[in-house]
Amino acid sequence: MTDDKPDIRPYSPGLEGVIAAETSLGYVDGVAGRLLYRGYRIGDLVERGTFPAVANLLWTGDWRPGHRLATGPLPDAVLTALRSLPGDAKPMDALRTAVSVWGATQGLAWPPTPEQARAVTAFSPTALAAFARIRSGEDPIEPDPSLDLVPGFLYQLTGRRPDDGTARALDAYFIVGAEHGLNASTFAARVIVSTRSDIASAVCGAIGALKGPLHGGAPSEVVEQIHTVGSPERAEQWVRETLDRGERLMGFGHRVYRAYDPRAAALRKVAESLQHPPEWLALAIAVEDVALRVLAERHPERALKTNVEFYAAPVLQGVGLTPDLFPATFALARHAGWTAHVLEQAADNRLIRPDARYTGPAERDLPT
Ligand code: ACO
């Protein structure tokens, strides 16, 4: 209370530095710039794994490189809901709606299971692809069980089976996006399931948290910023003017990383090896060089390096996705991590309920 006993317990705005869970899933080493999933380095998983194998590793702890997972079916109720959305609905809103309706059709019981985790992770790519087709006046495409999840998603989106290079590039993106410790959306999922709510509600809440530009909305803004720069000669002036206006450079800075984000390093390689990289990739690399130099000059106290979103942008555009689908595609990948955390939380559950320091008026009488 404000007047009798001051609350001297430590308060950390944004919960920065607070340990709020134990996890054996992802280890984010912000100082050294390392990311491990159940101990395995992210770079090795990208080179030797597939998204279904990585998701299975997160759910079960077993490394089975040949593990397969196809996209899942679309219940009629979800199709009806997607068709009823306004044509200009945002893909993240459509995905959140789809998962909510899907949950209502599944009779999801507590505790959440790996089968439920698999089912929602397999369902969402079908839902997003269906939404994208419906809004452009096309019919949704049924899942092809012979395709793994990522090529299956591209097939349902475009109507064409992707070539290996394209499928592999997006699969790499899904692997790096799968898990990242107790980030805001994962924390949201854990809070929701800690009340013994169901896995679909946890995923809906996580999608809502990921929708914010400070978390998952940056890659489309990266594309916009790079287009605004226009040419490498303008990079220095644009970076300085943007920072002078107090604006942020999208794709830089991170709550945890003080080093180059290892996911950005992995995706830069993928972007550079794309068969059809976006024509602005070289410009993006030039902007990155300038941005890192100017950010170091402006913020000597806080290392602001490239984050995953910067190189997610050219990979996602290079495989043919439109920028407005970027955040929702990130959400599809993060389903693996969210649901693995949901399982971990439920296995040793304690209701997540922190305290707030009260800063309002002391006890008083209502005015007469
Ligand atoms: N550009 C310019 N300045 C920045 C940037 C940036 N990208 N990021 C941080 N800063 C500055 C802030 O202005 C602040 O300076 P100040 O103290 O002079 O005001 C200082 O660095 C510290 O910033 P915070 O906001 O305290 O850092 P926080 O840990 O809260 O933020 C975040 C992390 C949100 C990612 C931030 O770096 C940011 O907004 N980046 C741009 C958006 C982005 O790329 N988001 C994707 C993140 S990756 C992901 O979610 C998957």
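Both counts, for ligands and for their atoms, begin at 1 and track the order of listing. This structure is a prediction, so every number in the text was calculated from the model and none was measured.
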Carboxylate-amine/guanidinium contact Arg83 Asp76, below 4.0 Å: no
Arg298, portion touching ligand 1 at heavy-atom distance under 4.0 Å: neither
SB check Glu344 Arg190 (cutoff 4.0 Å): yes
Taking only heavy atoms of Leu243 into account, list the atoms of ligand 1 that are under 4.0 Å away from them. 2 (C)
If you take the nearest heavy atom of each of Leu304, Leu214, Thr306, which one is closest to atom 9 (C) of ligand 1? Leu304
Within ligand 1, which atoms have a heavy atom of Glu309 less than 4.0 Å away? 46 (C), 48 (S), 49 (C), 51 (C)
Using distance alone, decide if ligand 1 has a nitrogen or oxygen within less than 3.5 Å of any nitrogen or oxygen in Arg248. yes
In terms of the angle between their ring planes, are Phe51 and Phe174 parallel, tilted or perpendicular, with boundaries placed at 30° and 60°? perpendicular
Examine Phe330 against ligand 1 and note whether any of their N/O atoms are separated by less than 3.5 Å. no
Using a plain distance cutoff, I'd like to know if Glu16 has any nitrogen or oxygen under 3.5 Å from a nitrogen or oxygen of ligand 1. no
Salt bridge Asp355-Arg9, side-chain N to carboxylate O under 4.0 Å: yes
Using distance alone, decide if ligand 1 has a nitrogen or oxygen within less than 3.5 Å of any nitrogen or oxygen in Asn307. yes
Using a strict cut-off of less than 4.0 Å between a Lys/Arg side-chain nitrogen and an Asp/Glu carboxylate oxygen, indicate whether Asp88 and Arg135 qualify as a salt bridge. no
Here the atoms of ligand 1 under 4.0 Å from any heavy atom belonging to Arg302 are 20 (C), 21 (O), 22 (C), 23 (O), 27 (O), 28 (P), 29 (O)
Show the atom names and distances, to 0.1 Å, of all donor-acceptor pairs under 3.5 Å that link a side chain in residues 271-287 to residues at least two apart or in another chain.
{"unit_1": "Ser273", "atom_1": "OG", "unit_2": "Lys269", "atom_2": "O", "d": "3.2"}
{"unit_1": "Ser273", "atom_1": "OG", "unit_2": "Val270", "atom_2": "O", "d": "3.0"}

Pair Arg263 + Glu179: basic N to acidic O under 4.0 Å: no
Can you tell which of Tyr257, Phe310, Phe252 gets a heavy atom nearest to atom 41 (C) of ligand 1? Phe252
Side chains of residues 100-109: which donor-acceptor partners sit under 3.5 Å, not counting sequence neighbours?
{"unit_1": "Thr105", "atom_1": "OG1", "unit_2": "Trp102", "atom_2": "O", "d": "2.6"}

Heavy atoms only, cut-off 4.0 Å: how does His215 contact ligand 1, side chain, backbone, both, or neither? both
For Val308, take its heavy atoms, then give the atoms of ligand 1 lying under 4.0 Å from any of them. 51 (C)
Do NZ/NE/NH1/NH2 and the carboxylate oxygens of Lys90 and Asp93 come within less than 4.0 Å? no
Considering only heavy atoms of Leu295, which atoms of ligand 1 have at least one such atom less than 4.0 Å away? 2 (C)
Answer yes or no: does an N/O atom from Leu249 fall short of 3.5 Å to an N/O atom of ligand 1? yes
